[in-house]
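Basis for what follows: all heavy atoms, side chains included, without hydrogens, waters or symmetry-related copies. Below, read A as the first sequence line, B as the second, and so on, with proteins coming before strands; counting in each chain starts at 1.
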Amino acid sequence: MNETTFKVRFLDKDITSIYILEDSTADACIKTLMEFNGTLAIDTETMPLPQYRDYPKAGLSPHLATIRLIQIYDGKQSYVFDLMFIKRRKKLIKLLETKKFLAHNAVFDYKFLRKLGAKHIELGCTRIIYKLISHAVYPTDAGLSASLEALCSTILKSPIYKDAQTSDWGEPNLTFEQVEYSAVDPIAVWELGKRFKNGINKFNLWKIYKLTKEAQYPICEMQLNGVGLDVDKHTANIHAWRDKLYASKKILMEHLGTTRITDTKIREWLGANLDPYTLSFWPVTETSGQLSVSASTFSDYEHLEIVKPLTIFKKFQTLCNTFGDQLINCVNPETGRIHSDFNICGARTGRLSSSKPNLQNFPRSTIYRQVFIPAKGKILVLADFSQIEVRVAGEYSQDKVLLDAYRNGSDIYSITAAHLSGKHISEVQSGSPERQNAKALVLGLMYGLGANSFCSYAKKGYGVEVSQEKASKDIKEFRKLYHSLRSWQLDQTAMCQESLIATTKYGKIRCLAADNWYGSSLNTPIQGTASEINLQSMVNCYHKIKGTDIKMFNNIHDEIVLECSKDLKNDAIKVLKDSMTDAYLQCFPDGVVNNLVQPSWGYNWGEAK
DNA sequence: TCTCTTAGCGCG
DNA sequence: AAAGCGCGCTAAGAGA
């Protein structure tokens with residue numbers, strides 16, 4: 001298709017669009033846009049680099065693809081710049097760096113624009129805004145899609161046809177449908193932005209939007225940087241897992257009389273072979289009432305000979321299936337590293353989520369995590385917030401016992417354990433059953449755990465046996481010890497039952513589901529605010545490391561991992577300590593920050609922790 | 001054959 | 001009256 005001016009129809013209007021292939025036209029259009037006052041809507045289409053044309057989903061990776069089209073809408077006209085033919089990179093970048101922009105899923109475009117050479121772009125995101133508003137309005141995410149295509153239908157009532165999105169954007173001669181589609185995208189973003197303003201105002205979401213918007217920059221850099229994978233070590237781990245898996249599978253194959261060990265087969269076998277007495281006590285699943293075949297159930301019945309191989313089988317099946325080869329498949333062929341997606345407001349509390357692969361749920365043991373490595377000659381420096389959620393609960397409730405404990409640098413779990421067991425605090429060692437018990441109690445009870453669940457939780461999570469009576473007594477004691485926390489909880493749940501709305505410190509609003517409001521009403525302000533402190537830390541950190549050789553490596557809710565050369569180790573530690581402490585104080589100006597941030601370092605992630 | 005749901009489990 | 005929360009990924013089964 002040649003350079004041309006055409007009309008696209010969107011929201012019952014015909015909008016002039018221009019497909020730009022020549023530098024002289026580009027110059028004139030950039031000049032017009034430079035004179036624009038306000039926020040421009042932007043979108044990009046990407047094409048795989050020639051050598052990765054056949055690589056699956058290469059167009060989504062800024063390392064395997066490049067920008068083909070940049071589309072900008074100024075409220076009057078849609079400009080489609082074709083970078084395959086236009087040479088004016090510097091002018092375009094100047095435009096990007098000068099004006100303010102709005103995009104849908106802006107981090108995606110920003111990654112490519114950064115690779116194109118842009119240093120910093122003022123960039124809003126309609127996807128983030130949509131998330132913030134929909135979390136405030138709808139009790140669940142069920143059936144809601146945050147894609148631009150979906151929002152055109154649901155919000156603008158003006159469907160767009162995304163067939164073109166997955167088309168071949170590397171073909172020099174684009175079809176009219178492709179160019180037409182690309183011209184519509186920024187118009188849709190513009191219109192969404194217009195409508196969303198009311199929502200942000202209505203729910204007073206400006207502060208949380210500002211934070212999440214700023215957080216886009218460190219998150220973008222983190223994704224571009226990625227994490228290194230020690231493929232040899234990881235492969236060795238996988239082989240060890242498989243050996244154990246096959247050994248246990250062999251035993252099970254004999255017992256079950258089949259080569260295919262599935263949950264259904266295990267259930268059948270258990271039903272037919274367990275003695276009636278054991279069967280009557282065997283746990284069943286939540287919704288369908290089937291026999292439980294979870295690893296934790298098996299570990300409860302390990303005294304039965306047959307259950308032993310089941311426990312092992314389950315464990316190593318999970319490791320192999322979830323944390324095995326997939327990781328190696330995620331290694332980017334260009335960078336040799338893994339570049340996960342991090343989803344801003346991925347959780348309704350406001351937490352980040354991570355996917356493809358999820359870098360936030362990798363097993364904790366050193367032997368597993370040591371496969372994540374920095375670039376050659378570099379180290380990892382990390383810091384995590386110590387007991388951030390308990391601290392936030394303390395700040396919310398201003399519970400004196402809780403806050404004093406942190407002020408004095410004492411261990412909250414030990415204090416609780418001492419109180420409950422009647423022992424002196426010096427007798428409650430770290431790792432002792434009393435302290436483990438208390439830890440389960442503190443974390444669970446913050447979010448409304450009951451005596452019933454507490455028993456199974458203590459056993460499952462911490463291997464601590466607690467009777468119902470003991471649990472009830474412990475809960476009462478806990479509420480007496482932290483009585484201000486308790487009254488905050490009572491206020492909070494009473495308020496949320498009435499309003500079905502929970503909020504965070506930065507003003508994120510979560511509409512609670514009528515059938516799941518109780519626990520969430522306690523959890524949302526705490527987990528949500530903790531995640532805001534995390535985001536603020538990343539923002540602070542981003543400004544400190546910009547222009548240095550310190551890079552963002554990973555973020556796991558309350559932990560930030562940096563990558564740098566060894567001689568920058570102390571700088572990186574200071575960056576983390578300051579960024580995180582400041583973030584906490586930005587949220588709670590009179591907050592207690594003793595022993596708040598715990599830094600460490602190592603040659604790989606496992607060792608650094 | 002495909003899509004959706006359920007159960008289960010890794011992390012915080 | 002009582003009630004822990006938040007994710008993403010996988011396999012298997014159900015439904016169309």
Side-chain angles (χ1 to χ4, degrees), chain A residues 135 140-143 260-267 283-299 311 314-327 330 340-343 345-365 368-369 384-385 387-390 392-393 440-458 460-461 471-472 475 489 493 496-497 502 504 510 512-531 534 554-559 609:
Chain A
H135 289 168
T140 72
D141 289 337
R260 215 167 139 258
I261 316 288
T262 67
D263 287 352
T264 317
K265 292 273 191 235
I266 297 173
R267 282 196 182 99
V284 292
T285 61
E286 186 68 33
T287 43
S288 54
Q290 302 176 83
L291 292 177
S292 164
V293 288
S294 67
S296 68
T297 300
F298 293 143
S299 76
T311 315
K314 277 278 170 178
K315 177 181 172 182
F316 289 98
Q317 187 176 244
T318 301
L319 284 170
C320 288
N321 289 343
T322 311
F323 304 105
D325 290 334
Q326 300 80 333
L327 213 54
C330 288
S340 282
D341 271 353
F342 285 85
N343 184 359
C345 288
R348 292 178 61 81
T349 51
R351 267 190 175 182
L352 290 180
S353 67
S354 161
S355 63
K356 291 171 283 177
N358 184 348
L359 283 184
Q360 296 178 321
N361 74 338
F362 207 80
R364 219 193 285 107
S365 326
Y368 303 149
R369 288 199 175 180
D384 65 352
F385 283 108
Q387 302 170 19
I388 182 78
E389 294 193 8
V390 186
V392 170
L441 197 63
V442 171
L443 293 172
L445 290 193
M446 277 190 358
Y447 307 131
L449 190 75
N452 222 336
S453 312
F454 174 57
C455 295
S456 46
Y457 178 77
K460 195 178 151 192
S472 300
I475 291 172
Q489 289 183 314
T493 48
C496 290
Q497 184 171 24
T504 64
R510 178 179 179 188
L512 301 167
D515 57 355
N516 178 32
W517 63 271
Y518 177 78
S520 306
S521 68
L522 298 170
N523 178 267
T524 303
I526 295 173
Q527 185 183 108
T529 302
S531 87
N534 175 55
N554 196 3
N555 178 265
I556 316 95
H557 307 303
D558 65 350
E559 171 181 339
K609 184 70 183 184

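A:Gln387 has its CD atom 21 Å from the P atom of C:dC5, to the nearest Å. Atom-to-atom, CG of A:Asn523 to C1' of C:dC7 comes out at 11 Å; the value is rounded to the nearest Å. Atoms CZ (A:Phe342) and C1' (C:dG8) sit 12 Å apart, rounded to a whole Å. Rounded to an integer number of Å, the gap from CE of A:Met446 to C1' of B:dG12 is 12 Å. One can place NE2 of A:His557 at 13 Å from P of C:dG6, the figure rounded to the nearest angstrom. Note: CZ (A:Phe316) to C1' (C:dT10) measures 18 Å, nearest angstrom. Whole-Å rounding puts the A:Phe362 CZ to C:dC7 C1' distance at 17 Å.
In this structure, of C:dC9, C:dA2, C:dA12, it is C:dA2 that holds the atom nearest to the side chain of A:Gln497. Of the candidates C:dC5, B:dG12, B:dC11, B:dG12 carries the atom nearest the A:Arg351 side chain, counting heavy atoms from C-beta on. Nearest to the side-chain atoms of A:Arg364 among the listed nucleotides B:dG12, C:dG6, C:dA3 stands B:dG12. In this structure, of B:dG8, C:dA12, C:dA3, it is C:dA12 that holds the atom nearest to the side chain of A:Thr262. Looking at the side chain of A:Val293, the nearest of the listed nucleotides C:dG6, B:dG8, C:dA12 is B:dG8.
Heavy atoms only, all atoms of each residue included: A:Trp517 and A:Cys496 are closest at CE3-C, 4.3 Å. Minimum interatomic distance between A:Leu319 and A:Pro363 (heavy atoms only, all atoms of both residues): CD2-CG, 3.9 Å. Closest non-hydrogen pair, A:Arg369 versus A:Arg364, comes out as NE-CA, 3.5 Å.
The side chain of A:Ser294 places an N or O atom within less than 4.0 Å of a non-bridging phosphate oxygen (OP1 or OP2) of B:dC9. Considering only side-chain N and O atoms, A:Thr349 lies nowhere under 4.0 angstrom from the phosphate OP1 or OP2 of C:dG6. The shortest distance between the side-chain N/O atoms of A:Arg267 and the OP1/OP2 oxygens of B:dG8 is below 4.0 Å. At the phosphate of B:dG12, neither OP1 nor OP2 sits under 4.0 Å from any side-chain N or O atom of A:Asn361. Regarding contacts with the backbone of C:dG13, a side-chain N or O of A:Thr264 is found under 4.0 angstrom from either OP1 or OP2. Between A:Thr322 and the phosphate of C:dG8, there is no side-chain N or O to OP1/OP2 separation shorter than 4.0 Å. Checking the phosphate oxygens (OP1, OP2) of C:dT10, a side-chain nitrogen or oxygen of A:Gln326 falls inside 4.0 Å.
Of all nucleotides present, none satisfies the Watson-Crick or G-U wobble test against C:dA3 with each distance under 3.5 Å.
Comparing A:Lys356 and A:Arg260 against DNA chain C, the residue whose closest nucleotide sits nearer the 5' end is A:Lys356.
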